[in-house]
Amino acid sequence: MKQLLEFLGVIALAQGVMGLLNEFTDWDWGLVQGLDFLDGFELYASVALLVLAVALFAAAGSRKSG
């Protein structure tokens, strides 16, 4: 379970960083830009993904290994 939480945290972190890069550099990367219902809210969604990544890493850190 710990490894799954860490994996999901890495995915959320990568998507959040790619979303922020898209906002500030106009690169077309990441999942957030492909979702039509987030149109206009990409920056907020990217920050939310970064917060989610921190929460997932904290949850993984509180679990016992194994």
Side-chain angles (χ1 to χ4, degrees):
M1 184 68 162
K2 181 177 179 177
Q3 290 177 343
L4 176 65
L5 291 172
E6 288 173 346
F7 175 73
L8 292 175
V10 168
I11 297 298
L13 180 68
Q15 290 297 319
V17 168
M18 284 190 273
L20 289 177
L21 280 174
N22 181 44
E23 285 296 313
F24 297 117
T25 62
D26 283 336
W27 291 351
D28 289 332
W29 287 4
L31 176 69
V32 174
Q33 289 70 35
L35 301 175
D36 291 335
F37 66 90
L38 289 175
D39 195 28
F41 297 101
E42 291 94 354
L43 181 64
Y44 301 115
S46 297
V47 171
L49 281 170
L50 292 175
V51 171
L52 176 64
V54 170
L56 286 169
F57 288 137
S62 69
R63 291 231 172 233
K64 293 180 184 176
S65 60

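Values reported hereafter were calculated over all heavy atoms of this structure, with side chains retained and with hydrogens, waters and symmetry mates removed.
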Answer whether the closest heavy-atom distance between the side chains of Leu20 and Leu50 falls below 4.5 Å.
yes
Would you check if the side chain of Gln15 reaches a backbone N or O of Leu31 as a donor-acceptor pair within less than 3.5 Å?
yes
For [X] versus [Y], what's the shortest heavy-atom pair and its separation?
X     : Y     : value
Phe57 : Val10 : CZ-N, 3.7 Å
Glu6  : Ala60 : CG-CB, 3.6 Å
Leu43 : Phe24 : CD1-CZ, 4.3 Å
Leu52 : Ala12 : CD2-CB, 4.3 Å

If you group Ile, Leu, Val, Met, Phe, Trp and Tyr by side-chain heavy-atom gaps below 4.5 Å, do [X] and [Y] land in one group?
X     : Y     : value
Val32 : Leu35 : yes
Leu21 : Val47 : yes
Met1  : Val54 : no
Leu13 : Tyr44 : no

Output the distance between atom CG (Leu8) and atom CD (Gln3), rounded to the nearest 0.5 Å.
12.0 Å
